[in-house]
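Notes follow the structure.
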Amino acid sequence: MARPVSARSPHTSPRRLSARFFRRPADELARALLGKTLVHADRRGVIVETEAYLGPEDLASHARFGATERNRVMFGPGGIAYVYLCYGVHEMFNVVSGSAGQAGAVLIRALALPGPGRDPSLARGPGKLTRALGLSRAHNGLDLARDERLYLAPGRAVPAAEVAVGPRVGIDYAGDWAAAPLRFWVADHPAVSRPPRSRRGRRGSGAGPAR
DNA sequence: GCGGGGATTAACT
DNA sequence: GTTAATCCCCGCG
């Protein structure tokens, strides 16, 4: 049965992001996902750091190989989960961007977990947040606009002044693409990933964590 | 088939 | 700063 409809317009507060939200290029989607809530069953966290991975032209993107068994969901419509294993150890969670035929995805790199006194390090880093939310390759290919357990919910809007931009992490092999400004994060947020021992490093004029 | 290496992390020296 | 852990993708022959 239908749940009770709120007294106000049911359209002012959608429970989840719908398919059309994801139909934009990866760099735009990476920016737009900041502040949104990633939900898996009873666990959730607010996205505070993302990276955009573009199509075959992006030498850091899995799409650079063309469509393969592993990355094929990147070539499909936006809003699909792309989850893969990295270094044989860590599951990496991505949101596919764009329309079918336009390869791209957004890597979720850090979440702010709810609850006062929650250790911010638990979801700081792409490998750690999948563990915190219980995500794995079993979720690869799920439709985030329709799945009952895994989806994205609207959160607070992040003002443009609070969004920092910089190069992506861990892709030094990618030539000129290594310097592309495709990493986005909430400036000064404690859950944003950074090297374990460089927390004393100077943050050049709020440009963000040194890396 | 084989071999190199990776969108990372934690635990070393 | 350096390195192990640990799996499997991808290119090549």
Side-chain angles (χ1 to χ4, degrees), chain A residues 22 25-34 38 45 47-76 78 80-98 102-111 113 119-142 144 152 164-186 190-202 208-211:
Chain A
F22 304 102
D27 53 341
E28 292 179 26
L29 182 62
R31 165 65 185 81
L33 283 173
L34 293 179
L38 176 60
I47 297 173
V48 296
E49 182 184 359
T50 60
E51 282 178 356
Y53 288 86
L54 312 184
E57 73 279 8
D58 178 0
L59 296 182
S61 174
H62 286 176
R64 69 187 184 276
F65 301 116
T68 68
E69 173 100 7
R70 177 177 65 167
N71 68 12
R72 65 185 164 77
V73 301
M74 285 186 75
F75 290 78
I80 304 300
Y82 172 44
V83 190
Y84 68 92
L85 185 68
C86 185
Y87 291 97
V89 180
H90 305 287
E91 312 277 350
M92 306 290 252
F93 178 82
N94 301 252
V95 179
V96 175
S97 63
Q102 304 172 320
V106 175
L107 172 68
I108 309 302
R109 287 193 58 90
L111 302 175
L113 300 177
D119 181 356
S121 74
L122 291 177
R124 178 193 290 156
K128 291 164 68 171
L129 74 87
T130 53
R131 212 139 112 86
L133 263 61
L135 298 172
S136 75
R137 282 166 291 171
H139 300 91
N140 186 55
L142 291 186
L144 300 170
L152 285 150
V165 183
R168 294 170 291 182
V169 173
I171 54 153
D172 291 345
Y173 58 85
D176 292 341
W177 285 90
L182 292 175
R183 180 185 179 212
F184 303 83
W185 66 93
V186 177
V192 169
S193 72
R194 66 193 75 194
R197 253 150 291 217
S198 85
R199 58 187 82 120
R200 305 180 314 125
R202 53 186 239 281
R211 185 79 181 201

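As the structure is a computational prediction, the values presented were derived from the model and not from experiment. Order of the sequence lines sets the chain letters (A, B, ...), proteins ahead of strands, with each chain counted from 1.
Note on Arg137(A): only backbone sugar-phosphate atoms sit closer than 4.0 angstrom, heavy atoms only; bases stay farther off.
Annotation: the span from Arg109(A) atom CZ to Arg183(A) atom CZ amounts to 5.5 Å, rounded to 0.5 Å. Taken from NE2 in His62(A) to OG1 in Thr68(A), the straight-line distance is 9.0 Å, to the nearest 0.5 Å. In this structure, OG1 in Thr50(A) is found 8.5 Å from CG in Leu107(A), a value given to the nearest 0.5 Å. In this structure, CG in Leu85(A) is found 9.5 Å from CE in Met92(A), a value given to the nearest 0.5 Å. To the nearest 0.5 Å, the span separating CG on Leu111(A) from NZ on Lys128(A) amounts to 12.0 Å.
If you measure from atom CG of Leu54(A) to atom P of dA7(B), you get 15 Å, rounded to the nearest angstrom. Nucleotide dT8(B) holds its P atom 7 Å from the CD atom of Glu51(A), rounded to whole Å. Trp177(A) has its CH2 atom 15 Å from the P atom of dA7(B), to the nearest Å. Rounded to an integer number of Å, the gap from Tyr87(A) OH to dG6(B) P is 6 Å. We find that CD1 of Ile171(A) is positioned 14 Å from C1' of dT8(B), with the value rounded to whole Å. Leu122(A) places its CG atom 14 Å from the C1' atom of dA10(B), with the value rounded to the nearest Å. Rounding to whole angstrom units, CZ of residue Arg131(A) and C1' of dA5(C) are separated by 13 Å. Between the CG atom of Asn71(A) and the P atom of dG11(C) there is a distance of 10 Å, rounded to whole Å.
With dT9(B), dA7(B), dG6(B) as the candidates, the nucleotide lying closest to the side chain of Lys128(A) is dT9(B). Comparing dA7(B), dT9(B), dT6(C) by their closest approach to the side chain of Val89(A) singles out dT6(C). Side-chain atoms of Phe65(A) lie closest to dC10(C) of the nucleotides dA7(B), dC10(C), dG6(B). Comparing atom distances between the Leu85(A) side chain and each of dA5(C), dC10(C), dC7(C) picks out dC7(C) as nearest.
Base pairing of dC12(C): its partner is dG1(B), meeting the Watson-Crick or G-U wobble criterion (both donor-acceptor distances under 3.5 Å). When both pairing distances are held under 3.5 Å, dT6(C) makes no Watson-Crick or G-U pair with any nucleotide shown.
No aromatic stack links Tyr173(A) and the base of dG6(B), using centre distance under 5.5 Å and interplanar angle under 30°.
Dashed line: the shortest gap from a side-chain N or O of Arg70(A) to OP1 or OP2 of dC10(C) is under 4.0 Å. When the side-chain nitrogen and oxygen atoms of Arg124(A) are compared with OP1 and OP2 of dT9(B), none of them lie within a distance under 4.0 Å. In this structure, His62(A) reaches the dA7(B) phosphate: one of its side-chain N or O atoms is under 4.0 Å from OP1 or OP2. For the OP1/OP2 pair of dA7(B) and a distance below 4.0 Å, the side-chain nitrogens and oxygens of Arg183(A) include no atom meeting the criterion.
For the P atoms, the distance from dG4(B) to dA4(C) is 16 Å, rounded to whole Å. A gap of 15 Å separates the C1' atoms of dG5(B) and dT3(C), to the nearest Å.
Listed here is the closest heavy atom pair of Ala103(A) and Pro56(A): CB-CD, 4.3 Å.
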